[in-house]
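Working notes, beginning with the structure itself.
Sequence positions, counted from 1, serve as the residue numbers for this chain. Both backbone and side-chain heavy atoms feed into the values below; hydrogens, waters and symmetry mates do not.
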Amino acid sequence: MSTVSTVVGGISFWYAQEGTPAPREPLPGDTSVDVCIVGGGYTGLWTAYYLKKAAPFLNITVLEAKFCGYGASGRNGGWLYNGIAGRDRYAKLHGHEAAVRLQKAMNDTVGEVVRTAAEEKIDADIHQGGVLEVAHTPAQLARLKDFHSVEIAFGETDRILRGARETAERVHVTGAVGSTWTPHGARLHPVKLVKGLADAVEALGVTIHESTPVTEIKPKHAVTPYGTVRAPYVLRCTEGFTASLKGQKRTWLPMNSSMIVTEPLPARIWDAIGWEGRETLGDMAHAYFYAQRTADGRIALGGRGYPYRFGSATDNDGRTRPATVTALRDLMVRLFPVTAGVHVDHAWSGVLGVPRDWCATVTLDRSTGLGYAGGYVGSGVATANLAARTLRDLIQQDSGQAGPTDLTTLPWVNHKVRRWEPEPFRWLGVHGMYAAYRAADRRETTSPRPGTDPIAKAADRIVGRH
């Protein structure tokens with residue numbers, strides 16, 4: 001094994017590879033615009049992009065605390081896929097057909113991102129190989145088959161169920177007993193996408209101010225240390241960093257997720273692993289992993305690690321605990337034993353936004369002009385694009401430029417959810433939940449029974465995931 005040390009933190013490997021962007025100017029003082037967007041990640045930038053394309057006359061400003069893509073948009077696993085948090089709950093609240101419409105919109109969103117990136121000449125290493133999710137145990141296989149059936153019931157008639165042999169022919173994951181595959185997914189380089197999107201937004205005439213933290217959002221005002229931006233519409237697009245805003249500490253919980261990436265792997269290792277389809281890869285464990293084969297031949301793999309910092313603390317430039325790095329590396333070797341001698345080049349962490357009911361949402365309050373989108377629970381690469389187009393339509397409808405659209409009537413629009421509990425209950429709840437999931441995964445590994453472990457079921461009920 002290589003003795004070269006692993007880089008830990010530094011935002012992410014994606015930024016280490018691409019370099020941090022040249023800084024944009026901070027807000028120079030008080031100003032007034034038509035639309036103020038708080039947050040320079042995927043949600044904020046896509047919203048600015050679609051609004052400006054639809055209404056070029058709008059004066060739009062994006063305010064970003066650090067630099068565009070500093071948060072989850074520059075640290076995620078590069079999964080552009082059709083998963084959306086809360087679909088089953090929306091089916092219960094609004095009916096099955098409403099949730100089917102939401103799912104179909106997400107299926108289409110994968111292609112929308114691929115198409116728009118090509119149109120804007122954003123080279124983000126996109127490869128549309130679909131999403132492959134594997135099962136390792138009898139319990140996971142039972143969940144996988146149920147999941148496969150449910151997805152078909154929500155309109156994914158092009159989804160494929162594979163057995164152990166067929167799965168190994170796609171990717172040789174040790175111990176995999178089955179898999180499900182959907183074409184509605186792609187691998188990408190997160191930072192190349194966010195950088196290209198920021199450039200495209202500026203080219204349209206949108207103003208981006210970086211190094212400009214917003215401390216408070218209130219009707220028609222976004223308050224910063226450098227001045228206040230006044231606008232009829234102020235949109236909160238801050239995802240996992242929402243807790244840093246005044247009055248928002250318990251709105252969305254900032255869940256921590258961590259990643260590692262290997263050195264480029266030689267051909268002999270790829271010959272053993274396969275993965276020629278470049279599918280994004282995950283599993284059906286309760287504490288699941290997510291992975292991709294990068295454009296330059298590395299394995300990038302993520303998982304929960306240390307799930308939550310007390311008091312909704314959010315960030316320290318991606319620094320990651322050594323135990324988390326070791327656990328992710330051990331997981332990679334269990335999945336692909338041929339990587340036992342491979343060096344891990346980089347490890348990092350970031351936060352994602354989790355609402356109390358685990359449902360992503362898009363909202364515009366027509367009485368105040370305040371809007372927000374997020375709570376993606378780790379599925380934000382594609383969901384942010386759908387959310388942005390929905391915010392565009394909601395603003396155009398509210399301002400009289402257009403009527404209702406298919407997007408403004410989706411069941412996640414204007415969904416309300418209660419706040420998270422105060423500390424220490426948040427910390428105890430989240431850490432207890434993941435301790436239970438890990439225990440359930442261990443028990444399922446040694447159990448011949450196909451049913452989900454009761455510990456995981458109890459954890460789901462307690463935290464409101466189902």
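Other residues, nucleotides and ligands contribute more than 12 heavy atoms inside 6.0 Å of the CG atom of D108. Sparse packing is recorded around NZ of K121, with 12 or fewer heavy atoms of other residues, nucleotides or ligands lying under 6.0 Å away.
In this structure, the side chain of E216 does not engage the main chain of V223 through any donor-acceptor pair within 3.5 Å. In this structure, R143 contributes its side chain and M284 its backbone to a donor-acceptor pair below 3.5 Å. Of the possible polar contacts, none joining the S211 side chain to the P26 backbone as a donor-acceptor pair under 3.5 Å is found. In this structure, the side chain of S258 does not engage the main chain of G305 through any donor-acceptor pair within 3.5 Å.
Side chain to side chain, D393 and Y50 fail the donor-acceptor criterion of an N or O pair below 3.5 Å.
Among R278, K192, Q292, R187, the one residue that satisfies the side chain to side chain donor-acceptor pair (under 3.5 Å) test with D125 is K192.
Side-chain atoms of E120 and Y49, non-hydrogen and from C-beta on, do get closer than 4.5 Å to each other. H209 is not listed as a side-chain neighbour of Y226, based on a closest heavy-atom distance of 4.5 Å or more. By the 4.5 Å heavy-atom criterion applied to side chains, N256 and R309 are counted as neighbours.
Ring pair H431/Y306: centre-to-centre distance below 6.0 Å.
Ring planes of F154 and H96: tilted class, angle from 30 to 60°.
No cation-pi contact links R250 to W420, judged by a cut-off of 6.0 Å to the six-membered ring centre and 45° from its axis. Stacking of R75 on the aromatic ring of Y15 is not recorded, the 6.0 Å distance cut-off and the 45° axial limit not both being met. The side-chain tip of R236 points at the ring of W252 from less than 6.0 angstrom away and within 45° of straight on.
For Y434 against P307, the heavy-atom pair with the smallest separation is CD1-CB, 3.8 Å.
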